[in-house]
Amino acid sequence: MQSTRRQVVTFDDFVHARFAGLLRFGRALTGDEDRGADLVQDALARTLPRWDRIRADDPEGYVRTVMVHRNISVWRALRRERLTGEPPETAVADRVRDQALWSAMRQLPPRQRTVIALRYLADQTEAQTASLMGCSIGTVKSQASAAMQRLRELLTDPEEDR
Amino acid sequence: MTDLETRLRAALHDHTDRRSVDDLLDGVRRDVARRRRARTVVVVAAAVASVALVGGGVSWRHRTSSPVGHPAGVAHRTMAISVDASGTAFKVIGNQGCTRPCSTLWKAGDAGTWSRLATVHDASRGARPYGPILSLEMAPNGDDGWAWGSRLWSTHDGGVTWAAVTTLPGGTDPDRNDLDVSAGPSFTWARMARHGAFQLWRTPTGRDAWTRVRVPDHADQTIAAVLPDSRVAIPIRSGGDDYQRQRSHGSYRMVQHYYLGDGTGPWRRVTVRCLPQTAPFRGRAQKVSICGPGGHRVGAGELVGPPVTDGSPRFRDLFFPATSTGETRVNPLGHENQIHLGNDQAFLVTPQGAVPVALSIAPTPGLVDIAASGQHLVILTPNDQILRSADDGRHWSALG
């Protein structure tokens, strides 16, 4: 029983310790708080069964890798609907948020949003971003350029900023 | 750094909404349990074709589900469904009509009317909003079944009476021991994590006489799928279902290796190489690579992913229309068919092709749970609607 407890506690400790960072990363990848949290949950559910194998080898990197790939490829097909009969504890309007920017982020294709998240949140180099996404450095550069161009367009055109 | 870059960094590093990490961990563990079932379809596909012990007319009854799931905090909603070989549907509802934590179990026969079978209480894990039962597995005979969540219960009279199982190690606390139960016609299997290792147990369906089964080295701790002949399939830890890095170019692929056996003889190794899920890409001509439950790939437009299998059938490319939004959702059903739930139309995808089907409900963004037994299928939508099909998914009716 001891090792089982140790495994569970270690995984739980990891999630507790990295919860905020993973939520930010999920939000950046999806452009949305709820979908980002769902993406985190999905990635962690794929991590837990393999915890014994990866916990000593950069588990956060593994989770982030799964999040990136799931978000780009299959996640959109599997996103869950959030059902709740209760209002949020904190009114969103109370928060100081760059809503226009997030709205623009949500209009980016997943790959462009992923590049933005990896470059400006995770501070990954272009090479690291390319490796994580499984593409060339040139693709990362072109995706980043297109993403920034699109963000500029959306942020200067309020009609498109839904 | 430009103004936009500064603004981006500030927004990306801004605080996220406040969320409960414990709720998320609960959801993670529920997803792990559900995902085991999703993968079993692939196992059966390979096993049915490669081992040739199961002849034509195979019906496989293990349910599967897309990882939609209910979020934590949903009371009075259906948490799990099951179906027996006669088509009788079963469901579990959390905390309905009780003042302390409970789950109510219901069944619907041919007439489609739900009748209440039993109420199960368990306050040992506190007042969870979804009740003590999260999963339900009824055997093909409809008499025997197992329900688990905060602990494990069994019934041998069609769900009228339920008793807590104490003969199975960890049965008093299966939630923490990562339990899953899969019922076959002859034997029912239980998989659990115990002392940090995977344990496999089985009992004759109809009894709770559990005995431990030796598992091969490197058997994973995730799933144990049951074939129609009651054999079980277990993923192999080394090289099992996982993201494997292609170091030469930094990409990842999913490879699945499984052990297949009945626990009394040698275990056979089967392999499947493809994604068991959809992989939608942007654009109207979607690229989809799916390891379908029948061992074939299903796609529209260009197919991606390695089409090689070891011992499993050759992949065939099937095509179905892309949805108007550029997204696709395919959920595995029985041993051959898949239901494709688009935003504007549902399709039944079979080895012969795809045909539109009417679900008699509004298009749904996914499924909470699926159960199958032979030709009989039931699905639970995120809107808490339950649909039943008696012909392998071709026609559906809502269970009220």
Side-chain angles (χ1 to χ4, degrees), chain A residues 1-4 6-8 12 15-16 19-20 23-24 27-28 33 36-37 40-42 44-46 48-50 52-53 65-66 69 73-74 76-86 88-90 92 97-98 101-102 105 109-110 116-117 120-121 130-134 148 151-152 155, chain B residues 2 4-5 7-19 21 24-25 27-32 35 66-71 73-75 77 176-177 193-197 220-222 237 242-243 246 249-252 275 277-282 327-330 365-366 382-384:
Chain A
M1 179 60 75
Q2 184 60 39
S3 57
T4 300
R6 185 173 62 243
Q7 175 182 340
V8 171
D12 286 8
V15 175
H16 276 272
F19 188 53
L23 283 180
R24 278 195 197 94
R27 178 182 61 182
E33 296 268 2
V40 172
Q41 179 173 321
D42 176 78
L44 289 174
R46 288 163 192 280
L48 177 56
R50 303 163 179 84
D52 276 348
R53 280 177 282 164
T65 298
V66 173
H69 283 254
S73 59
V74 298
R76 291 165 61 218
L78 303 173
R79 67 187 179 195
R80 67 205 68 198
E81 182 174 296
R82 184 159 295 274
L83 301 174
T84 177
E86 300 171 0
E89 293 179 4
T90 305
V92 174
R97 289 276 170 78
D98 195 339
L101 181 68
W102 282 112
M105 281 282 285
I116 294 294
Y120 294 103
L121 177 63
S131 174
L132 198 61
M133 294 179 66
M148 296 300 280
L151 286 175
R152 286 190 189 92
L155 291 169
Chain B
T2 66
L4 179 56
E5 288 175 321
R7 187 174 171 182
L8 260 177
R9 287 188 185 279
L12 292 172
H13 287 85
D14 191 13
H15 293 296
T16 57
D17 285 345
R18 193 174 162 188
R19 294 178 186 276
V21 65
L24 180 130
L25 283 167
V28 166
R29 293 197 162 87
R30 283 200 309 278
D31 281 358
V32 169
R35 190 156 294 117
S66 61
V68 175
H70 281 312
V74 180
R77 298 190 71 91
R176 194 160 294 174
N177 283 282
R194 184 76 172 165
H195 300 297
D220 209 335
Q221 300 187 14
T222 51
R237 179 180 300 179
D242 208 343
Y243 288 91
Q246 309 282 297
H249 48 88
S251 64
Y252 287 76
L275 283 170
Q277 295 144 341
T278 57
F281 286 70
R282 291 185 60 81
E327 294 189 18
T328 186
R329 303 179 178 90
V330 177
N383 299 325
D384 216 36

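All chains are named by letter (A, B, ...) in the order of the sequence lines, taking the proteins before the strands, and each is independently numbered beginning at 1.
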If you compare all heavy atoms of Arg27(A) against all heavy atoms of Trp102(A), which two are closest, and at what distance to 0.1 Å?
NE-CZ2, 3.3 Å

Show, in sequence, the C-alpha distance, side-chain angles and deciding distance for Leu44(A) and Val40(A), and conclude whether the side chain to side chain contact (heavy atoms under 4.5 Å, CB included) test is met.
CA-CA 6 Å; Leu44(A) 289 174; Val40(A) 172; 3.7 Å; yes

Options Leu25(B), Leu24(B), Leu12(B), ranked by heavy-atom pairs under 4.5 Å with chain A, top entry
Leu12(B)

Does the distance from a Lys or Arg side-chain N to an Asp or Glu carboxylate O, for Asp12(A) and Arg29(B), drop under 4.0 Å?
yes

Let me know if Met105(A) has heavy atoms under 4.5 Å from chain B in its side chain, its backbone, both or neither.
side chain

Under the side chain to side chain contact (heavy atoms under 4.5 Å, CB included) rule, what do Arg24(A) and Phe19(A) come out as? Steps first, then yes or no, please.
CA-CA 9 Å; Arg24(A) 278 195 197 94; Phe19(A) 188 53; over 6 Å; no

Measure distances from Leu8(B) to the heavy atoms of chain A and classify the residue's part below 4.5 Å as side chain, backbone, both or neither.
both

